[in-house]
Amino acid sequence: MTETVSYRLDGQVGMITGAANGIGRDLALGLAEAGADVVIADLPTQAAAAEETAAGARAHGRRALVVPTDVTQVATIEAAVAGAVREFGRLDFLVNNAGINIRKPILEYTEAEWDTLVAVNLKGVFFCTQIAARQMAAQGGGRIVSMASQLAVVALHDRSIYAITKAAVAHMAKTFALELGPQRVRVNAVGPTFVSTPMTTSMFTSQAFIDQNLPRIPSGRFGTTTDVLGAVRFLLSPAADLINGQLLLVDGGYTIW
Ligand code: NAD
């Protein structure tokens with residue numbers, strides 16, 4: 001035995017995009033519970049929900065800041081990172097959680113729907129990572145975790161563009177890890193199975209969806225935000241110091257057969 005393994009994030013400052021609702025909110029709260037000060041980056045329309053997330057983080061005794069951010073707009077990402085650094089002096093980690101879906105058959109998608117999905121799920125992840133990593137590199141290091149999906153590795157009807165963007169997010173972890181590793185910035189991705197959130201309400205209220213998909217999960221249940229938090233917190237922690245460029249699936253085995 002040489003060193004102690006730590007899963008704590010005490011004294012760290014981290015930004016979570018899309019943290020007003022759903023998985024992102026619970027990540028912000030859970031990462032604050034793990035000791036981090038959190039920066040809640042979500043759309044200006046979500047300001048009230050973002051403030052609620054911030055209040056929940058403060059209840060864990062941590063500092064929290066809301067920065068109105070549209071991840072499709074590079075200028076607002078730059079302002080968000082600058083605001084975080086102005087408030088807290090540094091940025092130790094980023095969770096690229098903001099994401100959207102539009103479900104329909106391939107033959108029905110419009111060009112505008114493609115542009116919208118790619119702007120949030122792909123362009124947003126690229127530029128949030130780039131801008132945060134510039135700050136991290138200047139500080140001497142940092143960690144980034146991006147939210148992919150089990151659909152990064154398998155296909156599913158009516159989710160083609162989403163799945164394509166999530167496969168790209170998983171691959172981005174590799175391309176970023178390669179270039180940013182020497183600057184001590186680690187980049188990984190997490191691939192959850194279905195989790196009940198505002199994004200998936202229409203799925204979880206459909207018995208047909210449940211009957212079709214639950215039997216595909218060997219673990220016998222859908223995912224929770226706590227399952228996702230476990231993976232994200234691990235990847236951000238000192239315990240994962242040598243894990244870089246990976247996709248960690250949190251899917252109960254959905255993708256193994
Ligand atoms: P959600 O819709 O409940 O929450 C998404 C959040 O992102 C919202 O607060 C929204 O305001 C924010 N957001 C959307 N567009 C944004 C933009 N342009 N700029 C900033 N913020 C923006 O979704 P969720 O289910 O919590 O999903 C979170 C992430 O997890 C997404 O990347 C999603 O693809 C991924 N994911 C979800 C599931 C699931 O089953 N819920 C499964 C696998 C992966």
Side-chain angles (χ1 to χ4, degrees), residues 15-30 39-54 66-81 94-103 115-129 131 145-154 156 159 161-170 172-173 189-206 209-210 213-214 217 221-229 231-232 247-252 254-255:
M15 176 179 292
I16 304 102
T17 68
N21 306 287
I23 293 171
R25 179 196 56 201
D26 288 359
L27 291 179
L29 298 179
V39 181
I40 316 296
D42 209 308
L43 293 167
T45 55
Q46 301 301 307
E51 286 298 346
E52 276 181 40
T53 305
V66 173
V67 285
T69 311
D70 180 343
V71 299
T72 70
Q73 305 297 318
V74 168
T76 75
I77 304 168
E78 283 170 341
V81 170
L94 164 71
V95 182
N96 283 310
N97 167 80
I100 58 167
N101 200 357
I102 302 169
R103 301 178 195 98
D115 287 345
T116 301
L117 273 162
V118 168
V120 179
N121 293 4
L122 247 190
K123 178 184 172 185
V125 173
F126 183 90
F127 284 102
C128 285
T129 300
I131 292 159
V145 174
S146 301
M147 205 57 65
S149 163
Q150 63 187 0
L151 301 187
V153 294
V154 293
L156 188 64
R159 291 151 174 87
I161 300 176
Y162 178 85
I164 291 163
T165 63
K166 294 302 185 179
V169 166
M172 271 199 269
V190 166
T193 186
F194 308 105
V195 177
S196 178
T197 67
M199 179 190 270
T200 53
T201 307
S202 64
M203 291 154 54
F204 278 89
T205 51
S206 157
F209 166 80
I210 292 169
N213 289 286
L214 193 53
I217 303 177
R221 66 172 177 85
F222 291 110
T224 66
T225 57
T226 306
D227 294 319
V228 182
L229 171 64
V232 171
L247 169 65
L248 178 52
L249 289 158
V250 186
D251 68 353
Y254 182 94
T255 57

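Both counts, for ligands and for their atoms, begin at 1 and track the order of listing.
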### Task
Report the C-alpha separation of Leu27 and Thr225 in whole Å, then their side-chain angles, then the decisive distance to 0.1 Å, and conclude whether the side chain to side chain contact (heavy atoms under 4.5 Å, CB included) test is met.
CA-CA 7 Å; Leu27 291 179; Thr225 57; over 6 Å; no
### Task
Would you check whether Thr200 reaches within less than 4.0 Å of ligand 1, judged by its heavy atoms?
yes
### Task
Could you go through the side chain to side chain contact (heavy atoms under 4.5 Å, CB included) check for Cys128 and Met15 one step at a time?
CA-CA 10 Å; Cys128 285; Met15 176 179 292; over 6 Å; no
### Query
At what distance is the nearest protein heavy atom to atom 35 (C) of ligand 1, and which residue and atom is it?
Met147 CG, 3.5 Å
## Note on the structure
In short, Leu117 meets Thr165 closest at the heavy-atom pair O-CG2, 4.2 Å
### Query
Considering only heavy atoms, which of Leu43, Thr225, Thr72 lies nearest to atom 17 (C) of ligand 1?
Leu43
### Query
Does even one non-hydrogen atom of Lys166 get within less than 4.0 Å of ligand 1?
yes
### Message
Determine whether a donor-acceptor pair (N or O, by modelled atom type, separation under 3.5 Å) exists between the side chain of Ser206 and the backbone of Ser202.
### Response
no
#### Entry: Proximity winner for atom 5 (C) of ligand 1, if only heavy atoms of Gly24, Gly22, Gly99, Ala20 are counted
Gly99
### Query
Any idea which atoms of ligand 1 are less than 4.0 Å away from a heavy-atom of Asn21?
8 (C), 9 (O)
### Nearest atoms (heavy-atom pairs only) where Val81 meets Ile131
CG2-CG2, 3.8 Å
### Task
Do me a favour and list the nearest non-hydrogen protein atom to atom 36 (N) of ligand 1 with residue, atom name and distance?
Tyr162 OH, 3.5 Å
### Closest protein heavy atom to atom 44 (C) of ligand 1, given as residue, atom name and distance to 0.1 Å
Ala148 O, 3.2 Å
### Nearest non-hydrogen protein atom, atom 19 (N) of ligand 1
Val71 N, 3.0 Å
#### Entry: For ligand 1, the portion of Gln150 having any non-hydrogen atom under 4.0 Å away
neither
### Task
Distance to 0.1 Å, residue and atom name: give those for the protein heavy atom nearest to atom 10 (C) of ligand 1.
Asp42 OD1, 3.5 Å
### Task
List in chain and number order the residues that pass ring-ring contact (aromatic ring centres under 6.0 Å, His included) with Tyr254, two or more places apart in sequence or in another chain; answer none if no residue qualifies.
Phe194
### Task
Would you name the heavy atoms of Met147 and Pro192 that are closest together and state the gap between them?
SD-CG, 3.8 Å
### Query
Does any N or O in the side chain of Thr76 come within less than 3.5 Å of the main-chain N or O of Asp70, such that one atom is a donor and the other an acceptor?
yes
### Query
Considering only heavy atoms, does Ala49 approach ligand 1 within less than 4.0 Å through its side chain, its backbone, both, or neither?
neither
### Summary
For Leu247 and Gly191, the nearest pair of non-hydrogen atoms, with its separation, is CD1-N, 3.7 Å
### Taking atom 6 (C) of ligand 1 as the reference point, the nearest protein heavy atom with its distance
Gly18 O, 3.5 Å
### Message
Please work out, at 4.0 Å between heavy atoms, whether the side chain, the backbone, both, or neither of Thr69 comes within that distance of ligand 1.
### Response
backbone
### Summary
One finds that the ligand 1 atoms under 4.0 Å from a non-hydrogen atom of Phe194 are 40 (O)
### Best match, Ile77, Leu151, Ile100, Val228: closest heavy atom to atom 14 (C) of ligand 1
Ile100
### Summary
of all protein heavy atoms, closest to atom 2 (O) of ligand 1 is Met199 CB, 3.4 Å
### Query
In this structure, which one of Asn121, Thr17, Thr129 forms a side-chain hydrogen bond (donor to acceptor under 3.5 Å, both in side chains) with Asn96?
Thr129
### Message
Please state which option from Asp26, Thr201, Ile40, Asp70 has its nearest heavy atom closest to atom 18 (N) of ligand 1.
### Response
Asp70
### Query
Which residues satisfy the ring-ring contact (aromatic ring centres under 6.0 Å, His included) test with Phe222, sequence neighbours excluded?
Phe204, Phe209
### Summary
Between Asp42 and Ala19 the two heavy atoms that sit nearest each other are OD2-N, 3.3 Å
#### Entry: Given Val190, Ile16, Ile23, the one that forms side chain to side chain contact (heavy atoms under 4.5 Å, CB included) with Val95
Ile16
### Query
Purely on distance, is any nitrogen or oxygen of Ile23 under 3.5 Å from one on ligand 1?
yes
### Task
Say whether Asn97, considering both its backbone and side-chain N or O atoms, lies within less than 3.5 Å of an N or O atom on ligand 1.
yes
### Message
Nearest 0.5 Å, please: how far is CD1 in Ile102 from OG1 in Thr116?
### Response
5.5 Å
### Task
Go through ligand 1 atom by atom and flag the ones less than 4.0 Å from a non-hydrogen atom of Pro198.
3 (O)
### Message
Looking at ligand 1, would Thr193 count as a contact under a 4.0 Å heavy-atom criterion?
### Response
yes
### Query
How does Asn121 reach ligand 1, by side chain, by backbone, by both or by neither, if only non-hydrogen atoms under 4.0 Å count?
neither
### Query
Identify the closest protein heavy atom to atom 40 (O) of ligand 1: which residue and atom is it, and at what distance?
Val195 N, 2.7 Å
### Query
Among Ser146, Pro192, Ser196, whose heavy atom sits nearest atom 43 (C) of ligand 1?
Pro192
### Query
Is Gln46 in polar range of ligand 1, meaning some N or O pair under 3.5 Å apart?
no
### Query
Where do Ile40 and Ala28 come nearest, in terms of heavy atoms and distance?
CD1-CB, 3.8 Å
